[in-house]
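Starting from 1, each residue takes its place in the sequence as its number. Nothing here was measured: the structure is a model prediction, and the numbers come from that model. For the numbers below, each heavy atom of this structure counts, side chains included, while hydrogens, waters and symmetry mates do not.
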Amino acid sequence: MRAVVQRVASASVSVDGKVISSISQGLMVLVGIGNDDTLADVETLTNKILNIRVFDANDTMWKSSVKDIAGEVLCVSQFTLMANTTKGNQPDFHRAMSTNASRELYATFLEKMRQLYVPGRIQDGQFGAMMNVSLTNEGPVTLTLDTRKFEYVSVSGGTSSKKSSGNGNKEANNQTTDVAASRSAASVHPGPSELDIA
């Protein structure tokens, strides 16, 4: 499960020229769901979004979460975040969960966000619709989150030392193992591997 998180002064979503959701200061979150994501991924991502410290406090950067500042969150489902661009120039979306299954898991994601925070401060776009998203990014501050890996791990032979590279790969492997173990206990099963985008 992936998310692009932006710190915003304001953000809104329009469908057919009509604003359907808007927020003031807070986070704009684009959410991509993979074809084998489960409740474990929802749990990990919702907690990270609501608790990551991207706001200032007492003139000090990176001290407050969106909850700490009583900010709002605008979430938009974005299957294109799961694109595979390694071959050719046309994005491949087969890693994205099928429409019906992702609709259900995305609804669970929103429900979990509202359980963990103030329900009225969690806004949403319109699943499956052609949306226009407008925002004013503060900073700019933009983060990418992935329930499989939260850090960019250096490849062998990079500029990092062998020790730090090894530790990074070990941490990444541990994260993957932990998430995989959590998935086996999750109650939501992955949808069909074939993409069905409306």
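Residues Glu138 and Gln25 approach most closely at OE1-NE2, 3.6 Å, considering heavy atoms. Closest heavy-atom contact between Val19 and Ser22: CG1-CB, 4.3 Å. The heavy-atom pair separating Gly125 from Leu74 by the smallest distance is N-CD1, 4.5 Å. Across every non-hydrogen atom of Ile49 and Ala3, the tightest pair is CD1-CB, 4.4 Å. For the pair Asp146 and Arg148, the tightest heavy-atom approach, listed with the atom from each and the gap, is OD1-N, 2.9 Å. A pairwise comparison of heavy atoms in Ala11 and Leu135 identifies CB-CB, 3.8 Å as the closest pair.
In the hydrophobic clustering of ILVMFWY residues, with side-chain heavy atoms under 4.5 Å counting as a link, Ile122 and Val76 come out apart. The same ILVMFWY cluster, assembled from side-chain heavy atoms under 4.5 Å apart, contains both Val66 and Phe109. No continuous path of hydrophobic side-chain contacts links Ile52 to Met28 [ILVMFWY only; heavy atoms under 4.5 Å]. Residues Leu116 and Val54 share a single hydrophobic cluster, defined by chaining ILVMFWY side chains whose heavy atoms lie under 4.5 Å apart. Under the 4.5 Å side-chain heavy-atom criterion for Ile, Leu, Val, Met, Phe, Trp and Tyr, Ile69 and Ile23 are members of distinct hydrophobic clusters.
Note: Met1 CE to Leu39 CG = 9.5 Å, rounded to the nearest 0.5 Å. The CZ atom of Arg2 sits 7.5 Å away from the CG atom of Leu81 when rounded to the nearest 0.5 Å. How far CZ of Arg121 is from OG of Ser24: 9.5 Å, rounded to the nearest 0.5 Å. Within the model, atoms OG1 of Thr80 and CG of Leu30 stand 8.0 Å from one another, a figure rounded to the nearest 0.5 Å. To the nearest 0.5 Å, the span separating CG on Leu110 from OG1 on Thr46 amounts to 10.5 Å. Glu104 contributes atom CD, which lies 11.0 Å from atom CZ of Phe127 (distance to the nearest 0.5 angstrom).
Asn132 places no side-chain N or O within donor-acceptor distance of the main-chain N or O of Gly17, the cut-off being under 3.5 Å. A donor-acceptor pair under 3.5 Å is absent between the side-chain atoms of Gln90 and the main chain of Lys87, judged by distance alone.
Looking only at side-chain heavy atoms (C-beta outward), Val29 and Val31 come within less than 4.5 Å of each other. Considering only heavy atoms from C-beta on, Phe55 comes within 4.5 Å of Leu27 through its side chain. Inter-residue side-chain proximity for Tyr106 and Cys75 is flagged as met; some heavy-atom pair is nearer than 4.5 Å. No side-chain heavy atom of Arg7 sits under 4.5 Å from any side-chain heavy atom of Leu143.
Between the side chains of Ser65 and Asp68, at least one donor N or O lies within less than 3.5 Å of an accepting N or O. A donor-acceptor pair shorter than 3.5 Å cannot be found between the side chains of Asn58 and Thr60.
Under a 4.0 Å N-O distance rule, the pair Asp124/Arg114 does not qualify as a salt bridge.
Ring planes of Phe79 and Phe93: perpendicular class, angle over 60° (limits at 30 and 60°).
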Q.
Could you walk me through whether Leu105 and Asp41 satisfy the side chain to side chain contact (heavy atoms under 4.5 Å, CB included) test, starting with their C-alpha distance in whole Å, then the side-chain angles of each, then the deciding distance to 0.1 Å, before giving a yes or no?
A. CA-CA 10 Å; Leu105 195 58; Asp41 297 278; over 6 Å; no
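Among pairs with a residue in residues 9-18, none fulfils salt bridge (charged side-chain N to carboxylate O under 4.0 Å, His left out), at least two apart in sequence or across chains.
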